[in-house]
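Data first, discussion second: the structure below is written as structure tokens.
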Amino acid sequence: MAAASPYLYKGVPRFDARGLRRCVVPGVSIQLTSTSVADFWRHPNGSIKLRIGWMGWVWSYEAWLASGKPVPDEREAIEEFAWTVQAELFRWMTEDASDLPPFDDD
């Protein structure tokens, strides 16, 4: 993810989404020759939990605003977040980076 990203992403262990509330935008996907999907949930600590899948691989993250505050729980804020996740998945898939996790600091 670019250094100027308005979001902080932290890789986390796989998580159980039962009991978590889906975000107003529950996820995004990108379809090229294959499909990558990112699903979003709101964690009680304010973070957004992401589960990203592509080509049989699964990565888990939590996301915050770059300031360290939670992404606001409003449609416009979640739509902007979803758009940036979708753009990153597109970049990642088109750079043939399947051996690297998305949101890598390369």
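Sequence positions, counted from 1, serve as the residue numbers for this chain.
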* Would a 4.5 Å heavy-atom cut-off, applied to side chains only, mark I52 and V58 as touching? -> no

* Sequence neighbours excluded, which residues qualify as side chain to side chain contact (heavy atoms under 4.5 Å, CB included) partners of T33? -> none

* Structure fact -> Hits for side-chain hydrogen bond (donor to acceptor under 3.5 Å, both in side chains) against T35, two or more places apart or cross-chain, chain-then-number order -> none

* Pair W54 + W92: ring centers closer than 6.0 Å -> yes

* Ignoring hydrogens and angles, tell me if any N or O in the side chain of R42 forms a donor-acceptor pair with the backbone of G46 under 3.5 Å. => yes

Cut-off 3.5 Å, no hydrogens considered: what does the side-chain donor-acceptor table look like for residues 14-32, sequence neighbours left out?
from: D16; atom 1: OD1; to: R18; atom 2: N; distance (Å): 3.0
from: D16; atom 1: OD1; to: R18; atom 2: NE; distance (Å): 3.1
from: D16; atom 1: OD2; to: R18; atom 2: NE; distance (Å): 3.1
from: D16; atom 1: OD2; to: R18; atom 2: NH2; distance (Å): 2.7
from: R21; atom 1: NH1; to: D73; atom 2: OD2; distance (Å): 3.2
from: R21; atom 1: NH2; to: D73; atom 2: OD2; distance (Å): 3.0
from: R22; atom 1: NH2; to: D39; atom 2: OD1; distance (Å): 3.4

* Indicate, with yes or no, if M55 and W59 share a hydrophobic cluster defined by side-chain heavy-atom contacts under 4.5 Å among Ile, Leu, Val, Met, Phe, Trp and Tyr. => yes

* Asked: With sequence neighbours left out, what residues match S47 under side-chain hydrogen bond (donor to acceptor under 3.5 Å, both in side chains)?
  -> N45

* To do: Please list, chain by chain and in numerical order, all residues satisfying side chain to side chain contact (heavy atoms under 4.5 Å, CB included) with A66, sequence neighbours excluded.
  => none

* Asked: Do V85 and Y9 come close enough that some side-chain heavy atom pair is under 4.5 Å?
  -> yes

* **ring-ring contact (aromatic ring centres under 6.0 Å, His included) contacts in which one or both residues fall within residues 63-82, not counting sequence neighbours** => Y7-F81, F40-F81

* Can you tell if the side chain of L65 reaches within under 4.5 Å of the side chain of P72, non-hydrogen atoms only? -> yes

* Asked: Who passes salt bridge (Lys or Arg N to Asp or Glu O under 4.0 Å) against E79, sequence neighbours left out?
  -> R75

* Asked: Could you give all pairs that pass the salt bridge (Lys or Arg N to Asp or Glu O under 4.0 Å) test and reach residues 45-54, with sequence neighbours left out?
  -> K49-E62

